[in-house]
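The structure under discussion appears below in the form of structure tokens.
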Amino acid sequence: MTALIEMFLCRSDNFGALIHDPSTGRTAAIDAPEAAPIEAALARRGWRLTDILVTHHHEDHVAGIETLKAAHGCRVVAAKADAHRIPAVDLTVEEGGTVSVGALEAAIIDTPGHTVGHIAYHFAGEKVLFAADTLFSLGCGRVFEGTMADMWGSLQKLRALPDETQLYCGHEYTLSNARFALTVDPGNEALAARAAEVERQRAENRFTLPVKLGAEKRENPFLRADDAGIARHLGLEGAGALAVFTELRERKNRF
Ligand SMILES: [Zn+2]
């Protein structure tokens, strides 16, 4: 039986997500932005929380951990590099390792840049990626702790995953990202069509996620920093991908 996934808003624009293994009944929350909406989602589906898979230490991803752990006794999984600044960690993981949620298995991918210890969870068997604040739909996370080279390297790792992978992100930022993306890649017809769809989705108050990674590879400028057309549009013809990525990220910071 395949995994069931429930996605819902937390706080103002954070996504909460639950992944449930019907064969064992185990259920993991991806991050814990806030306990109440996670409890509500569990109650809605009749699931019991057994694990919290933490992506990074920011308050809006860990604030609900202690409340949820006290209520459910669930296991808290986090990056070894960040365990000292994430509450109540039971199991540390790092790249090359895996974590199981019942019969479901996630590979750990180190994705530094947004924070130094940020990780993503790739459930290859389910074709699902939880990228949190590294890769957003049509955008990427701000580079707070790592370097631009770290972030570009992390995005290249995620870009290497199969096109049919369903991407789940930490925030509903797609509309703002779409509007920015059009300014740096205006000739991209797939992006223009997607941006129009995102405008409709948000006008109807619908989520823009999950989205297939294959579409992101065609439409997300931050995954296309090595595209000659984008470099030319930025006036960086012949520059390396890292210089183009850095320019994209700095322009988005000011957008
Ligand atoms: Zn963050």
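Note that these values count all heavy atoms, side chains included, but never hydrogens, waters or copies made by symmetry. Order of appearance sets the numbers: ligands from 1, and atoms from 1 within every ligand. Everything quoted here is computed from the prediction, not taken from an experiment.
By the criterion of a separation under 2.8 Å, the protein N/O/S atoms near the Zn ion (ligand 1) amount to His56 NE2, His58 ND1, His114 NE2, Asp133 OD2.
Partners of Lys252 under the salt bridge (charged side-chain N to carboxylate O under 4.0 Å, His left out) rule, at least two apart in sequence or in another chain, do not exist in this structure. Residues that satisfy the salt bridge (charged side-chain N to carboxylate O under 4.0 Å, His left out) test with Arg48, not counting sequence neighbours, are absent from this structure. With sequence neighbours excluded, the residues forming a salt bridge (charged side-chain N to carboxylate O under 4.0 Å, His left out) with Arg26 are Asp51, listed by chain and number.
Taking the six-membered ring where the residue is Trp, the centroids of His171 and His61 are separated by under 6.0 Å.
Classified by interplanar angle (parallel below 30°, tilted 30° to 60°, perpendicular above 60°), the ring pair Phe222/Phe180 is parallel.
In this structure, the side chain of Lys157 does not engage the main chain of Ile109 through any donor-acceptor pair within 3.5 Å.
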